[in-house]
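Heads up: numbering here begins at 1 and tracks the sequence.
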Amino acid sequence: MPAFTGGAGIRCGSGIAMTPAEPRKRVPRLLNPASGYLTGYTYTLNPYTGCSFGCSYCYVRRMPIAMFRNEEWGEWVDPKSFDGEDFRKEWGKALKKGPVTVFMSSATDPYQPAEYAAERTRAVLEVMAEQPPAFVLVQTRSPLVVRDMELLARLGSRVRVSMTIETDLEDIRKQLTPKAPPLASRWRAIRELREYGIPVQAAVSPLLPCSEHFTAKLAEAVERVVVDDFFRGDGSKGKRSAQLGMREQYRNLGLEELYDEQTADRFTGELSMLMKPGTVYFGHEGFMP
């Protein structure tokens, strides 16, 4: 009979002292029940906490996740813990409950620069591709999404990439979203995604000051567009946008007259005249599965 020692070590018959392996720590879940503006999805999935793009109008700036951190929004990003085995179990349990629809991501960009090294988004999509959901929307403003075109293609019609293009004016982009990818790279990403056969839409969300040619550019580049503004799309009927000082930013640009609900309404109307019926959406409906 092997003898057992006191304390943490266990003495085996070979006489070698062994320490019991610690139980594997469970990684926090990645799927969170969808609610509020995203009612219509079963889950939201954010591969990162924080977002290095740090757009000036981002409503997340007024949420606890950003307000209770000592660092400025846009100055930090934390990849979420990921374990393939744990997420496969989490994913499998979700699928057993019924059709799964996922919005990725609601409070970060899944293809921000951290994704180059961390590859959290890619790891999640690889699991989804093994057992596809009913639908997943990938919301991004980053051309890095084209890296995963082959993987996204495995999801077929069950996926849609929603590429944010809020304006066609690069100087406006630099003023209001200086850390976001240049517009030219986003237009190029849309073209490459479509050529690869991946469903894609342009998210003019929120609409920023633009040229008179923006609607024509969109109609030529994509088959589906969703438009939103600061008043109906920030999850608080414009209160968060007001707290972020968006009117003041427009005033500083000499464009305060454009800070009005009617601006987006006119834009949507003009765009609808250039595109096929049922391909131009406003707000919530355009992001739904």
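Ring orientation note: the planes of Tyr259 and Tyr250 are nearly perpendicular, at an angle over 60° on the 30°/60° scale.
Residues Phe287 and Tyr281 form no side-chain contact, since every pair of their non-hydrogen atoms from C-beta on lies 4.5 Å or further apart. Proximity of Glu126 to Glu119: side-chain heavy atoms (C-beta onward) are nowhere separated by under 4.5 Å. The closest side-chain heavy-atom distance from Phe231 to Pro206 is not below 4.5 Å. Residues Lys96 and Lys93 are not in side-chain contact: their nearest non-hydrogen atoms beyond the backbone lie 4.5 Å or more apart. The shortest side-chain heavy-atom distance between Lys179 and Glu75 falls under the 4.5 Å cut-off. Between Arg186 and Ile190 the shortest side-chain heavy-atom distance does not fall below 4.5 Å.
Of the charged side-chain nitrogens involved, none lies within less than 4.0 Å of a carboxylate oxygen, so that Glu115 and Arg120 do not count as a salt-bridged pair.
Here the side chain of Gln112 pairs a donor or acceptor atom with the backbone of Ser52 at under 3.5 angstrom. Formation of a donor-acceptor pair under 3.5 Å by the Asp168 side chain with backbone atoms of His213 is not found in this model. Looking at Arg122, its side chain never comes within 3.5 Å of a backbone N or O of Leu151 through a donor-acceptor pair. Side-chain N or O atoms of Arg160 include none that pairs as donor or acceptor with a backbone N or O of Pro199 at under 3.5 Å.
A donor and an acceptor atom, one from each side chain of Ser162 and Gln139, are located under 3.5 Å apart. A donor and an acceptor atom, one from each side chain of Asn46 and Thr108, are nowhere located under 3.5 Å apart. Looking at Tyr57 and Glu166, their side chains do bring a donor and an acceptor atom within 3.5 Å of each other.
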### Message
Assess the residue pair Asp148 and Tyr111 against the criterion (side chain to side chain contact (heavy atoms under 4.5 Å, CB included)); give the C-alpha distance rounded to whole Å, side-chain angles, the decisive distance to 0.1 Å, and a yes or no.
### Response
CA-CA 10 Å; Asp148 292 340; Tyr111 283 102; 2.7 Å; yes

### Task
Go through Lys80 and Thr49 one step at a time and tell me if the side chain to side chain contact (heavy atoms under 4.5 Å, CB included) criterion holds.
CA-CA 7 Å; Lys80 288 191 175 179; Thr49 304; 3.4 Å; yes

### Task
I would like to know whether Gln175 and Ser56 meet side chain to side chain contact (heavy atoms under 4.5 Å, CB included); could you show each step before the answer?
CA-CA 9 Å; Gln175 290 283 343; Ser56 63; over 6 Å; no

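With a 4.5 Å cut-off between side-chain heavy atoms of Ile, Leu, Val, Met, Phe, Trp and Tyr, the cluster of Val77 takes in Tyr48.
Here the straight-line distance linking atom OG1 of Thr101 with atom CZ of Arg158 works out to 12.0 Å at 0.5 Å rounding.
Remark: Phe267 engages Phe214 in a ring-ring contact (aromatic ring centres under 6.0 Å, His included) (not counting sequence neighbours).
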